[in-house]
Structures are given as structure tokens and as C-alpha cells.
Trainee: 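One structure follows; several queries about it will come next.
These figures come from a predicted structure and were not determined experimentally.
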Amino acid sequence: QVQLVESGGGLVQAGGSLRLSCEASGRTLSSCAMGWFRQVPGKEREFVAAVTRSGGSEGYLDSVKGRFTISRDNAKNTVYLQMNSLKAEDTAVYYCAAKIDWRDVVVRVAFDYDYWGQGTQVTVSS
């Protein structure tokens with residue numbers, strides 16, 4: 001019932017920045033907790049960042065704290081991931097996820113999310 005489309009990935013040099021976008025349709029994001037995950041070949045999907053339904057609280061993977069920022073614009077039905085000071089180890093396919101949530105809590109576990117985007121490739125060269 002919720003379709004998510006990520007965009008903004010690409011190739012960037014270490015130390016550079018990218019801004020990922022996740023646009024939703026089928027349901028307004030105001031009813032959903034939102035998250036960003038990433039995955040590299042041969043490894044499990046990894047939590048990166050999440051924001052509560054209300055936008056009042058955020059959570060981050062320790063290795064991206066201070067570099068990445070998740071935000072949401074419910075009027076545009078869009079969630080963003082601003083990535084600064086990128087490192088080679090940030091290279092991955094990044095996925096947007098949505099969870100229909102009435103509790104207004106940060107959701108960090110991939111299993112808990114209801115909908116996923118197709119992913120966008122982020123490649124950081126060193």
C-alpha cells in the first residue's frame with residue numbers, strides 16, 4: 001500500500017556529500033516511522049538512521065553520527081538522508097523503509113518495517 005522510491009545516489013569522492021531522497025505514494029508519511037538502511041554484497045542489511053512518525057526524535061548508526069542527518073518533509077511526502085564527510089566504508093545500496101506506526105518511536109530493526117524502496121547505489125571512492 002506504500003510505494004517508496006529512493007533517489008540521489010551516485011559516485012562521490014571520500015569527504016564529499018550526497019543527499020538521498022525517498023518519495024512515498026499510497027499513504028502519507030505522517031502515519032509512518034521512517035528509516036534508512038544499507039547493504040553490501042554478502043552482508044545483511046544494516047540500520048543507518050531513523051526518524052519517528054512525528055519527526056521529534058532520530059536515531060543513528062554509531063559510525064554515521066555527526067555525518068548523516070535524517071529528516072522528513074511530510075508536506076512533500078519525502079524523507080531525506082543528508083550524508084556528509086563520506087567514507088569508502090559508506091559504499092552500499094541504500095534503502096528507504098516505512099513502518100505504519102501509531103506509537104511515535106524510533107524504529108531501528110529492519111524486520112519491523114512494512115515497506116521498502118528499491119534502493120539507490122552510493123559509491124565512495126578513496
Side-chain angles (χ1 to χ4, degrees):
Q1 302 95 316
V2 178
Q3 293 81 47
L4 304 174
V5 180
E6 302 98 330
S7 62
L11 176 64
V12 64
Q13 292 185 326
S17 298
L18 285 173
R19 180 182 171 93
L20 305 184
S21 298
C22 174
E23 297 186 30
S25 62
R27 190 183 186 97
T28 58
L29 292 188
S30 62
S31 63
C32 296
M34 301 298 299
W36 286 95
F37 292 76
R38 65 189 183 188
Q39 189 169 30
V40 299
K43 295 187 177 181
E44 295 185 352
R45 196 162 295 184
E46 178 183 43
F47 168 79
V48 176
V51 63
T52 59
R53 171 174 50 80
S54 70
S57 186
E58 305 164 18
Y60 296 94
L61 176 68
D62 284 346
S63 64
V64 308
K65 288 180 179 178
R67 300 189 297 120
F68 291 10
T69 303
I70 187 172
S71 62
R72 62 191 303 156
D73 186 341
N74 288 345
K76 296 181 178 179
N77 229 24
T78 301
V79 174
Y80 304 96
L81 185 67
Q82 178 66 47
M83 305 186 294
N84 299 325
S85 301
L86 283 162
K87 305 175 181 179
E89 53 262 41
D90 295 319
T91 295
V93 176
Y94 282 71
Y95 297 89
C96 175
K99 174 179 172 59
I100 299 171
D101 180 32
W102 304 108
R103 300 177 297 161
D104 199 30
V105 297
V106 173
V107 182
R108 299 172 178 265
V109 181
F111 176 83
D112 289 341
Y113 282 88
D114 301 305
Y115 304 100
W116 294 86
Q118 84 290 344
T120 185
Q121 177 70 47
V122 172
T123 302
V124 184
S125 63
S126 59

Trainee: Locate the shortest heavy-atom distance separating Val51 from Gly55; write the atom from each residue and the value.
Mentor: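 Looking at all heavy atoms of both residues, the shortest contact is CG2-CA, 3.7 Å.
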Trainee: Does the side chain of Thr120 come within less than 4.5 Å of Leu20's, by heavy atoms?
Mentor: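 Side-chain contact under 4.5 Å: yes.
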Trainee: Keeping Glu6 on the side-chain end and Gly119 on the backbone end, is there a donor-acceptor pair under 3.5 Å?
Mentor: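 Side chain of Glu6 to backbone of Gly119: a pair is present.
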Trainee: Hey, are Arg103 and Asp101 close enough for a salt bridge, meaning a charged N less than 4.0 Å from a carboxylate O?
Mentor: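 Between Asp101 and Arg103 there is a salt bridge, with a charged N closer than 4.0 Å to a carboxylate O.
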Trainee: Measure centre to centre between the rings of Phe68 and Trp36, then say whether the value is under 6.0 Å.
Mentor: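 No, ring centres 6.0 Å or more apart.
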Trainee: Cation-pi check, Arg38 to Tyr95: give yes when NZ or CZ is under 6.0 Å from the six-membered ring centre and within 45° of the ring axis, no otherwise.
Mentor: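 Pair Arg38/Tyr95 does not count as cation-pi.
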Trainee: Closest approach of Ser126 and Ala88, non-hydrogen atoms and distance?
Mentor: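 Taking Ser126 first and Ala88 second, the nearest heavy atoms are CB-CB, 4.2 Å.
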Trainee: Check for a donor-acceptor pair, side chain of Ser54 on one end and backbone N or O of Thr52 on the other, with a separation under 3.5 Å.
Mentor: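 No: the side chain of Ser54 does not pair with the backbone of Thr52.
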Trainee: Could you walk me through whether Ser30 and Asn74 pass the side chain to side chain donor-acceptor pair (under 3.5 Å) check?
Mentor: CA-CA 6 Å; Ser30 62; Asn74 288 345; 5.1 Å; no
Trainee: Under the side chain to side chain contact (heavy atoms under 4.5 Å, CB included) criterion, do Glu23 and Leu4 qualify, and how do the steps go?
Mentor: CA-CA 6 Å; Glu23 297 186 30; Leu4 304 174; over 6 Å; no
Trainee: Output yes when a side-chain donor or acceptor of Glu58 lies under 3.5 Å from a complementary backbone atom of Ala50, and no otherwise.
Mentor: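 Such a contact is absent between Glu58 side chain and Ala50 backbone.
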Trainee: Where do Ser125 and Leu11 come nearest, in terms of heavy atoms and distance?
Mentor: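 Here Ser125 and Leu11 meet closest at CB-CD1, 4.4 Å.
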Trainee: Determine, step by step, whether Gln121 and Tyr94 satisfy the side chain to side chain donor-acceptor pair (under 3.5 Å) criterion, reporting the C-alpha distance in whole Å, the side-chain angles of both residues, the deciding distance to 0.1 Å, and the verdict.
Mentor: CA-CA 6 Å; Gln121 177 70 47; Tyr94 282 71; over 6 Å; no
Trainee: With sequence neighbours left out, what residues match Cys96 under disulfide (SG to SG under 2.5 Å)?
Mentor: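 Disulfide (SG to SG under 2.5 Å) check on Cys96 returns Cys22.
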Trainee: Would Leu29 and Val5 show up in the same hydrophobic cluster when neighbours are defined by side-chain heavy atoms closer than 4.5 Å?
Mentor: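 Each belongs to a different hydrophobic cluster.
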Trainee: Looking only at heavy atoms, what is the nearest atom pair of Gln82 and Asn84, with distance?
Mentor: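 For Gln82 and Asn84, the tightest heavy-atom pair comes out as NE2-OD1, 3.0 Å.
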Trainee: Test Val93 against Val122 for side chain to side chain contact (heavy atoms under 4.5 Å, CB included), laying out the working first.
Mentor: CA-CA 6 Å; Val93 176; Val122 172; over 6 Å; no
Trainee: With a 3.5 Å distance limit and no angle check, can you tell me whether Thr91 reaches the backbone of Val124 through a side-chain donor-acceptor pair?
Mentor: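 Checked: pair present.
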Trainee: What do you reckon, are the aromatic ring centroids of Tyr60 and Phe47 less than 6.0 Å apart?
Mentor: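 Ring centres of Phe47 and Tyr60 not closer than 6.0 Å.
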Trainee: Can you see which heavy atom on Ser17 is nearest to which on Ser85, and at what distance?
Mentor: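 Closest pair (atom of Ser17, atom of Ser85, distance): OG-N, 4.2 Å.
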Trainee: Applying side chain to side chain donor-acceptor pair (under 3.5 Å), run through Ser25 and Gln3 and close with a yes or a no.
Mentor: CA-CA 5 Å; Ser25 62; Gln3 293 81 47; 3.2 Å; yes
Trainee: Is any NZ, NE, NH1 or NH2 atom of the basic residue among Lys87 and Asp90 found under 4.0 Å from an Asp or Glu carboxylate oxygen of the other?
Mentor: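 Judged by the 4.0 Å cut-off on N to carboxylate O distance, Lys87 and Asp90 do not form a salt bridge.
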Trainee: Asp114 side chain to Lys99 main-chain N or O, any donor-acceptor pair under 3.5 Å?
Mentor: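 The answer is no, because no donor-acceptor pair under 3.5 Å joins these two groups.
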Trainee: For the residue pair Tyr113 and Arg45, establish whether any side-chain heavy-atom pair is separated by less than 4.5 Å.
Mentor: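 No - every pair of side-chain heavy atoms lies 4.5 Å or more apart.
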Trainee: Tell me whether Ile100 is reachable from Met34 by hopping between hydrophobic residues (I, L, V, M, F, W, Y) whose side-chain heavy atoms are closer than 4.5 Å.
Mentor: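 Yes, Met34 and Ile100 fall within the same hydrophobic cluster.
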Trainee: Taking Arg53 for the side chain and Val106 for the main chain, is one N or O donor matched with an acceptor at less than 3.5 Å?
Mentor: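 Pair absent, no side-chain N/O of Arg53 close to backbone of Val106.
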Trainee: Checking Thr123 against Val12 for the side chain to side chain contact (heavy atoms under 4.5 Å, CB included) test, could you report, in this order, the C-alpha distance in whole Å, the side-chain angles of both residues, the deciding distance, and whether it holds?
Mentor: CA-CA 6 Å; Thr123 302; Val12 64; over 6 Å; no
Trainee: State, with a plain yes or no, whether a side-chain heavy atom of Thr69 is found less than 4.5 Å away from one of Leu81.
Mentor: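 Counting from C-beta outward, Thr69 and Leu81 never come under 4.5 Å.
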Trainee: Flag this pair as yes if the NZ/CZ of Arg19 is under 6.0 angstrom from the six-membered ring centre of Tyr80 and inside a 45 degree cone about the axis; otherwise no.
Mentor: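 Arg19 over Tyr80 ring: yes.
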